[in-house]
Amino acid sequence: MIGADAIRGYVDLMVLSLLRSGPSYAYELAQRINDTTGADYTIKQTTLYSAVKRLETSGLVSSFSSLSPSGKPRTYYQVTDAGIEHLQLKVTEWHHTKSVVDRFIKGVEA
């Protein structure tokens with residue numbers, strides 16, 4: 001299980017990455033994160049809502065209201081062009097960060 005501290009800086013990257021495939025609502029994003037990571041990481045709803053609101057305030061995602069297939073109103077989020085650019089920068093940063101950390105743990109058994 002990955003601790004919240006270890007992944008905190010990458011929640012935005014995960015959300016933006018998932019929204020590349022199309023608009024989604026918060027509960028669905030949480031399910032997709034959990035499905036993708038399996039038992040390795042479970043995102044808290046408060047963490048996810050904070051992330052999408054932060055991304056929206058920054059102009060990296062936009063939101064709109066729509067009815068779900070069951071007829072309930074939902075807030076959907078979609079990535080903006082600025083969000084795609086930001087995601088690309090964060091992916092580059094991730095690869096660099098991983099490369100640096102890998103230098104320190106090389107030869108250390110898990």
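Numbers here are sequence positions counted from 1. All values below were derived from every heavy atom in this structure, side-chain atoms included, with hydrogens, water molecules and symmetry-related copies excluded. Bear in mind the structure is a predicted one, so any value in this text is a computation, not a measurement.
By the 4.5 Å side-chain criterion applied to Ile, Leu, Val, Met, Phe, Trp and Tyr, V100 is assigned to a cluster that also includes F104. Here Y25 is tied into one hydrophobic group with Y27, F64, Y76, each link being a pair of ILVMFWY side chains closer than 4.5 Å.
Here the NZ-CG distance, from K72 to L67, works out to 12.0 Å after rounding to the nearest 0.5 Å. Taken from CG in L60 to CG in D12, the straight-line distance is 8.0 Å, to the nearest 0.5 Å. Separating the OG atom in S50 from the CZ atom in R8 is a distance of 11.0 Å, to the nearest 0.5 Å. A distance of 9.0 Å separates CG of L29 from OH of Y77, quoted to the nearest 0.5 Å. From K53, atom NZ reaches atom OG of S58 across 12.5 Å, with rounding to the nearest 0.5 Å. Taking OG1 of T80 as the reference point, atom CG of L16 lies at 8.0 Å (rounded to 0.5 Å).
Pairs engaging residues 59-71 under the side chain to side chain donor-acceptor pair (under 3.5 Å) rule: E56-S63, S62-Q78, S68-S70 [sequence neighbours left out].
Contact annotation: the side chain of T37 never approaches that of I43 to less than 4.5 Å [non-hydrogen atoms, C-beta and beyond].
In summary, of the residues considered (V15, I84, L18), a side-chain contact (heavy atoms from CB on, under 4.5 Å) with V79 occurs for I84 alone.
Residues passing the side-chain hydrogen bond (donor to acceptor under 3.5 Å, both in side chains) test with E93, sequence neighbours excluded: K90. By the ring pair (Phe, Tyr, Trp, His ring centres under 6.0 Å) test, Y49 is found to be paired with no residue, residues two or more places apart in sequence or in another chain being considered. Remark: D81 engages no residue in a side-chain hydrogen bond (donor to acceptor under 3.5 Å, both in side chains) (not counting sequence neighbours).
Across all their heavy atoms, E28 and P23 have their closest contact at OE1-O, 4.3 Å. Taking both residues in full, the closest heavy atoms of G59 and A82 are given as O-CB, 3.9 Å, listed atom of the first, atom of the second, then distance. In this structure, A51 and V11 approach most closely via the heavy-atom pair CB-CG1, 3.7 Å.
Under a 3.5 Å cut-off, the side chain of S99 and the backbone N or O of H95 do not form any donor-acceptor pair.
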| request: Please lay out, stage by stage, how I7 and M14 fare under the test side chain to side chain contact (heavy atoms under 4.5 Å, CB included). | output: CA-CA 10 Å; I7 207 160; M14 291 186 292; 4.0 Å; yes

